[in-house]
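Step one of this worksheet: look at the structure below.
Start at 1 and go down the list; that is how both ligands and their atoms are numbered. Just so it is clear, the values below take in all heavy atoms, side chains as well, and ignore hydrogens, waters and symmetry mates.
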Amino acid sequence: MKITGSTQVVGIIGDPVTHSRSPAMHNAAFAALGLDMAYVPLPVRPPDVASAVKGLAALGFRGANVTVPHKGAVLPHLSWLHEDARRAEAVNTIVVDKGLLLGYNTDIEGARRALVGVCGEEALRDQPALLLGAGGAARAVALALARLGMAITVVNRTLQSAEHLIELVQAAEPDTSCRCLPLDALNPSLVKVHHLLVNATTLGMAGAGKVPASLVDTVSAGQIVFEVVYGDTETDLLATARERGARTVDGLAMLVGQAAEAFQLWTGRMAPLDVMQAAAGCRQQQRTER
Ligand code: NAP
């Protein structure tokens, strides 16, 4: 990459950001398309969110991604919000346009693309989905599932968060059938009756515990398992689901999907998916089409 006097800069605001795969994905994509752009990590502590966001415009940035824990905190500091960002109460992509700060949520489309890339839309429409979790990732996935016409059951450790998620989905997609259940309702029988199982909790991340084996071991061929968590190795949930004959959707596919949408917002160009997938470290079976 060659930095010139006119290089346009984008970055990622989060705390921490050292683990992020986004700089690798976007810089590889800029290079592949010969764009004079660069993507940099921007570690920002929570008290500095407001000044960091305003600084993007002051420093002439083209935009930024926003990651944990700032996806909600940036909202009040933006000039305009896309309806997906308003619906999810979270922004993961900022575009700076003529000094204005525009907030988008491309995680929803990233989740939709990841699922459709593996299963196609027809396999999902009107089918029941069991969503574990009600945090930021779960909100994006739930809105994607609603958009795909799925009936959603949310199970979360904190029932109140699941109830709030249901309210967001019903406000965004009033025709969606959705309900939430407390964690103690989560058992193998519940898993069995759902076409799609999504893990959108932090379980499966290194050092964060695992989705209980009793649930994973009931997954069967004909079901689809979507693991939002990603890492250097496949989670036990995904590996077991594949062994048991289920179709699997990896969190890296969602990561690449949201990045491709953000890339298009900043550059006006279609993202080179194969370049981004390789830079993100997607294994062959994790690669999906647009
Ligand atoms: P978050 O907002 O902090 O939400 C965490 C969720 O996990 C909550 O529902 C929480 O339940 C639940 N949880 C945490 N510990 C638990 C436990 N011991 N037992 C049961 N549930 C537990 O985090 P997030 O931003 O949604 O991120 C979740 C995961 O998705 C992370 O691994 C993140 O890296 C990944 N992610 C992936 C993508 C992608 O593109 N693939 C995008 C975003 C996030 P409570 O509500 O009860 O606390």
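The stretch residues 118-148 participates, sequence neighbours left out, in no ring-ring contact (aromatic ring centres under 6.0 Å, His included) pair at all. Under the side-chain hydrogen bond (donor to acceptor under 3.5 Å, both in side chains) criterion, the residue pairs touching residues 70-85 are K71-D107, D84-R147, with sequence neighbours excluded.
At a threshold of 4.0 Å, the pair R179-E163 does not count as salt-bridged, since none of the basic side-chain nitrogens sits closer than that to a carboxylate oxygen. Look at R45 and D15 and you find no salt bridge, because none of the NZ, NE, NH1 or NH2 atoms lies under 4.0 Å from a carboxylate O.
Within the 4.0 angstrom cut-off, atom 4 (O) of ligand 1 has one or more protein heavy-atom neighbours. Inside a 4.0 Å radius of atom 33 (C) of ligand 1 there is not any protein heavy atom.
Residues H26 and W266 have side chains in contact (heavy-atom distance under 4.5 Å, counting atoms from C-beta outward).
For ligand 1 and G136, the ligand atoms under 4.0 Å from any heavy atom of the residue are 2 (O), 26 (O). Close approach of ligand 1 to G133 is summarised as follows: ligand atoms under 4.0 Å from at least one heavy atom of the residue are 9 (O). Atoms of ligand 1 lying under 4.0 Å from any heavy atom of M205, numbered from 1 in the order shown and given with element: 31 (C), 32 (O). Counting the atoms of ligand 1 from 1 in the order shown, those under 4.0 Å from a heavy atom of Y230 are 37 (C), 39 (C), 41 (N).
The shortest N/O to N/O separation between A134 and ligand 1 falls below 3.5 Å. Looking at D107 next to ligand 1, no N or O pair under 3.5 Å apart turns up. Residue-to-ligand polar distances place G251 within reach of ligand 1: an N/O pair is separated by less than 3.5 Å. Residue R157 has at least one nitrogen or oxygen atom sitting less than 3.5 Å from a nitrogen or oxygen atom of ligand 1, judged on distance alone. Taking distance alone, with nitrogen or oxygen atoms compared against 3.5 Å, N156 approaches ligand 1 more closely than that limit. Considering backbone and side-chain atoms alike, Q258 places every N or O at 3.5 Å or more from each N or O of ligand 1.
The CG atom of L115 lies 7.0 Å from the CD1 atom of I224; values are rounded to the nearest 0.5 Å. Separation of atoms CG (L143) and CD1 (I108) is listed at 4.5 Å; rounding is to 0.5 Å. Here the OG-CZ distance, from S220 to R244, works out to 7.0 Å after rounding to the nearest 0.5 Å. Between the OG atom of S20 and the CD1 atom of I12 there is a distance of 3.5 Å, given to the nearest 0.5 Å.
Of the listed residues (V229, L159, V228, V211), the one carrying the non-hydrogen atom nearest atom 36 (N) of ligand 1 is V228. For atom 45 (P) of ligand 1, the nearest non-hydrogen atom from the set L203, N92, T158 comes from T158.
Annotation: atom 6 (C) of ligand 1 to nearest protein heavy atom, T201 CA, 3.9 Å. From the protein, the heavy atom lying nearest to atom 14 (C) of ligand 1 is T202 OG1, 3.1 Å. The protein heavy atom nearest to atom 42 (C) of ligand 1 is M254 CE, 3.9 Å. Annotation: atom 26 (O) of ligand 1 to nearest protein heavy atom, A137 N, 2.8 Å.
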Test salt bridge (Lys or Arg N to Asp or Glu O under 4.0 Å) on E261 and R112; report intermediate values, then the result.
CA-CA 12 Å; E261 291 291 314; R112 196 196 68 83; over 6 Å; no
Using the rule given for salt bridge (Lys or Arg N to Asp or Glu O under 4.0 Å), can you reason through R157 versus D184, listing the C-alpha separation, both sets of side-chain angles and the distance that settles it, and then say yes or no?
CA-CA 9 Å; R157 186 177 57 179; D184 58 17; over 6 Å; no
